[in-house]
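So you know, we letter chains A, B, ... as the sequences are listed, proteins then strands, and number each from 1.
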Number of protein chains: 2
Amino acid sequence: METTEELLDEVRALIQARERDGIASLAGRVSPAAWADVVPRLDPGEIAVLLQWLPDEEIPTLLTELDPAQAAAILRTLSRNEAADVLEAMSPDDATDVIAELPEAEAQQILVEMEPAEAAELRELAAYPPDTAGGIMTPAFTAVSPDLQADQAIIALRRVAEEAETVYYVYVLDPEEHLLGVLSLHSLVLAPPQTPVRALMIENVTSVLVDADQETAARLLTDHNLLALPVVDAENRLLGIITQDDVADVLEEEATEDIERLGGSQPLETSYRLAPVKLLVRRRVVWLLMLFLAEAYTGTVLRHYQTETEKVIALSFFVPLLIGTGGNVGSQTVTTLVRAMALGEVRLRDVRWVMAKEVAVATTMGVIMAVVAFGRSALLHVGRDVGYVVALTVFAICVWSATVAAVLPLILRKLRIDPAVVSAPLITTLVDGTGLVIYFSIAKVVLGL
Amino acid sequence: METTEELLDEVRALIQARERDGIASLAGRVSPAAWADVVPRLDPGEIAVLLQWLPDEEIPTLLTELDPAQAAAILRTLSRNEAADVLEAMSPDDATDVIAELPEAEAQQILVEMEPAEAAELRELAAYPPDTAGGIMTPAFTAVSPDLQADQAIIALRRVAEEAETVYYVYVLDPEEHLLGVLSLHSLVLAPPQTPVRALMIENVTSVLVDADQETAARLLTDHNLLALPVVDAENRLLGIITQDDVADVLEEEATEDIERLGGSQPLETSYRLAPVKLLVRRRVVWLLMLFLAEAYTGTVLRHYQTETEKVIALSFFVPLLIGTGGNVGSQTVTTLVRAMALGEVRLRDVRWVMAKEVAVATTMGVIMAVVAFGRSALLHVGRDVGYVVALTVFAICVWSATVAAVLPLILRKLRIDPAVVSAPLITTLVDGTGLVIYFSIAKVVLGL
């Protein structure tokens, strides 16, 4: 499996030795996905040579496999005419993604070089927001009239098979392009030749509206185990289809965004490898500053309890440990919950049992942690009283932190904010300040300060 | 889309009104995935009624859509004979997952009620570890001999189509079951009827070894845009296939595990909804304790600098803020990197550019944060000197934290430990203690303590 490095070395050696035929024969036996792993690691000069030497039909396949931003960068090294040819050979949904990464003026210059019909199709697709069903669909579906027979439908299919993204599903449309039903190639092949299409088709087709979220579309396709999902407008007219290969991309993309948000950054929306330092800073520093300002409150709390700290300096030894533990409990709870919400396992009306579950978990863990914390305080020789304060505080902070972390994502969902923004760092920060108030309040009572 | 709640109400009303026909007709128009959303929310009595009333052929479909643990729980409410029938009607890979969730003795009792051939198939599948290619494959593939003609192959297909998981790919095997090539149903249908299968098949079939990791298999299928991936043994004999619907499950499962690890828990390996409190505690408390023990080091550091803290109590005000910021920077870096590694964008040999990138990002952010931190210290009226200490420390901690977070996942990968275990909480904890040492060292120099 792990031959990317070897392949990279091989390609470099062939380029250096000017072995044009070697490159062509390599292209014949290596998968497009393997090329896509290798190409981003070559330097611009090597890529230019590769593009000249690769058989023409390999280039569209290669660009399809690359990240759209990388594909766009490569497209810009070609002449407008060559670029137009490459885009025509790509499937329309992939071509649209690449065009979206080009500067507007260059995109237009390439589009005018293309066949007018194909350019119009791409312009139309580009009009849909990229994270909607319309943004990931392809118009390359196969459709037949309900009045054909099975054998006629197969002949009709044979004509369009080259262009279509999938021929495994055939959609049945009326003359106004309303979606009437769907046929599987499977049923078409296995049925007696004279059966009318109308009798073979399944009528209640699962479809998605063109402006639905891409994640909704992806889950619909996965949940129904479909190979392709039809995308329709409000009048149920078929506009395009979403295929399985798009879904894996969408699910990976959404998981990546959730992970980045949970880590306390805004999503990069491009690959880490391609992201310049400037972009990484921009995506992170906003959150970092907001968290800093929220955390700054801890300074005010500590100054407020300055007298108590001066009297019992040992109290300050436990500050990082106590707020750290609170943050960890909050982080565990919030990540599990946000993921469960993303997978549709937890919804708004579940607040009550989620809270009950999390409080039960936190209470159990709180007791264990309190015992350990008391032991730790004994090791630091801070006296039995401070030990009690620390143990009580650990317990209280565990429960408090879990409660905040259980309720907040659900409240945000209610306010229609993506719960993934309740990143672990945000919960940690919220719990830090309030945790200190709990700590010193307990200390004042127990130690009589 | 959001009609699960309505459907739930409808099902409950039908059960209460004893409307057996209503349930059957509902089953006819509702998708299995929608049923799967509703069933786990019914109480045991309602589920029992539903199972009695649902048309027999709907039950295997329903169990396939459910989480295997839920499906097993439902299966246990049926008689052994009924359970055996249901398992026979499910596809072998899904049936194996459900059996794995049953107590060993009950599983055996159900297996002896099944057709011997089908039971043997399930026993064989159950022998593969669940997170390998063998664990998610199904033996329900379609295969033909290379010596058939296209039309004969279609007839052969028609015979097995009922049992097969997908008929869109047909595998070509020699008499010893070695994988020779693959045909798409597509090419079979579109080719002239007398064409020999040998001429139509693609020979360099992408396949995966039976003991490969399930994630490797899933990515291979996705990267090559396949509908199904053949699973072979070391002698290239075809054992089974993995289909697209399995892949979405695997990718979701792996993303969930990574997210849970990043949040500082061990993966639940079941749905949050089904996880009992005991399991949640067990998965979280181990990490929580380890993090507590690691963080306990901060107490030692603070006690070590007790004299300095007593002299300038204002230093203690900034402890949570400084270590919090360090933790946030570390968390941002580590989550982005771990995800990039999971997606294969960053590998071992990339240490150098990853470190350079992260240090550049952290330096930029460090300068910004230092200015803000100086401003914050002015607001707390702690004196200009302490302000310098805080500003310098924020800068140093940003860079230090990013460096640790950039290098650690790569080192772990080198040691063959899953980098997702470098959860954000772990990095935070590592940086807390060292950050305090940096803070007080700077304070001693600048303030001359």
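- Of the two parts of A:R339, only the side chain, counted from C-beta on, holds a non-hydrogen atom closer than 4.5 Å to a non-hydrogen atom of chain B.
- Using a 4.0 Å cut-off between charged nitrogen and carboxylate oxygen, B:R347 and B:D350 do not count as a salt-bridge pair.
- The CZ atom of B:R376 sits 10.5 Å away from atom CZ of B:F317, with the distance rounded to the nearest 0.5 Å.
- Contacts between A:L436 and chain B at a heavy-atom distance below 4.5 Å involve the side chain alone, from C-beta outward.
- Listed options A:R283, A:E260, A:R349 were ranked by heavy-atom pairs under 4.5 angstrom with chain B; first place goes to A:R349.
- In terms of heavy-atom pairs under 4.5 Å with chain B, the best-connected choice from A:T333, A:V319, A:V247, A:I154 is A:T333.
- Rounding to the nearest 0.5 angstrom, the gap separating the CG atom in A:L209 from the OG1 atom in A:T216 is 10.5 Å.
- Atoms OG and CD, from A:S265 and A:E257 in turn, are 12.0 Å apart once rounded to the nearest 0.5 Å.
- Once rounded to the nearest 0.5 Å, the distance linking CG of B:L289 with CE of A:M369 reads 4.5 Å.
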Query raised in the report: Passes side-chain contact (heavy atoms from CB on, under 4.5 Å), A:Q266 versus A:R282? Steps please.
Result: CA-CA 9 Å; A:Q266 290 172 274; A:R282 233 179 14 238; over 6 Å; no
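- If you tally non-hydrogen atom pairs under 4.5 Å between each of A:V354, A:T429, A:L280, A:D258 and chain B, the highest count goes to A:L280.
- Classification of B:E252 and A:R219 as a salt-bridged pair holds, one side-chain N sitting under 4.0 Å from a carboxylate O.
- With chain A as the partner, the residue from B:D432, B:T325, B:T222, B:L380 showing the most heavy-atom pairs under 4.5 Å is B:L380.
- Residue A:T206 does not touch chain B at all, counting heavy-atom pairs closer than 4.5 Å.
- Per-residue counts of heavy-atom pairs under 4.5 Å with chain A were compared for B:C398, B:A342, B:P425, B:G324; the largest is that of B:P425.
- Only the side chain of A:E65 comes within contact range of chain B, with at least one heavy atom under 4.5 Å from a heavy atom of that chain.
- Residue A:S377: no heavy atom, backbone or side chain, is found under 4.5 Å from chain B.
- Highest contact tally toward chain A, considering only B:S331, B:A362, B:A360, is held by B:S331 [criterion: heavy-atom pairs under 4.5 Å].
- In this structure, the portion of A:I313 lying under 4.5 Å from any heavy atom of chain B is its side chain and not its backbone.
- Taking chain B as the reference chain and counting heavy-atom pairs below 4.5 Å, the highest number among A:T309, A:L251, A:T428 is found for A:L251.
- A:E310 has its side chain out of reach of B:E310: every pair of non-hydrogen atoms, C-beta onward, lies at least 4.5 Å apart.
- Looking at A:V329, both its backbone and its side chain come within 4.5 Å of chain B, counting heavy atoms on both sides.
- Atom CD1 of B:I323 is separated from atom CD1 of A:I323 by 5.0 Å, given to the nearest 0.5 angstrom.
- Heavy atoms of A:V285 lying under 4.5 Å from chain B belong to its backbone as well as its side chain.
- Heavy-atom pairs under 4.5 Å with chain A peak, among B:V382, B:I368, B:V372, at B:V372.
- In this structure, chain B has heavy atoms under 4.5 Å from both the backbone and the side chain of A:L321.
- Contacts between A:N204 and chain B at a heavy-atom distance below 4.5 Å are absent for every atom of the residue.
- Comment: B:R261 does not engage B:E254 in a salt bridge, judged by the lack of any side-chain N to carboxylate O separation of less than 4.0 angstrom.
- When each of B:A275, B:A314, B:A294 is checked for heavy-atom pairs under 4.5 Å with chain A, B:A275 comes out on top.
- A donor-acceptor contact shorter than 3.5 Å links the side chain of B:D246 to the backbone of B:T243.
- Most heavy-atom pairs under 4.5 Å with chain B: of the set A:T364, A:T256, A:L293, this distinction falls to A:T256.
- Contact of A:V301 with chain B is not made at all, since no heavy-atom distance falls under 4.5 Å.
- Most heavy-atom pairs under 4.5 Å with chain A, from the set B:T335, B:V394, B:V361: that is B:V361.
- Residues B:Y272 and A:A340 come closest through the heavy atom pair CB-CB, 3.8 Å.
- Taking chain B as the reference chain and counting heavy-atom pairs below 4.5 Å, the highest number among A:M365, A:K357, A:R284, A:Q306 is found for A:R284.
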**Report entry** Candidate pair A:W287 and A:L426, rule side-chain contact (heavy atoms from CB on, under 4.5 Å), full reasoning
**Finding:** CA-CA 9 Å; A:W287 264 108; A:L426 179 61; 4.3 Å; yes
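- If you measure heavy-atom distances from A:A218 to chain B, you find no contacts under 4.5 Å at all.
- Interface remark: A:L337 contributes side-chain atoms only to the contact with chain B (heavy atom separation under 4.5 Å).
- Once rounded to the nearest 0.5 Å, the distance linking OG1 of A:T336 with CD of A:E358 reads 7.0 Å.
- Of all heavy-atom pairs between B:G330 and B:I427, the closest is CA-CG2, 3.6 Å.
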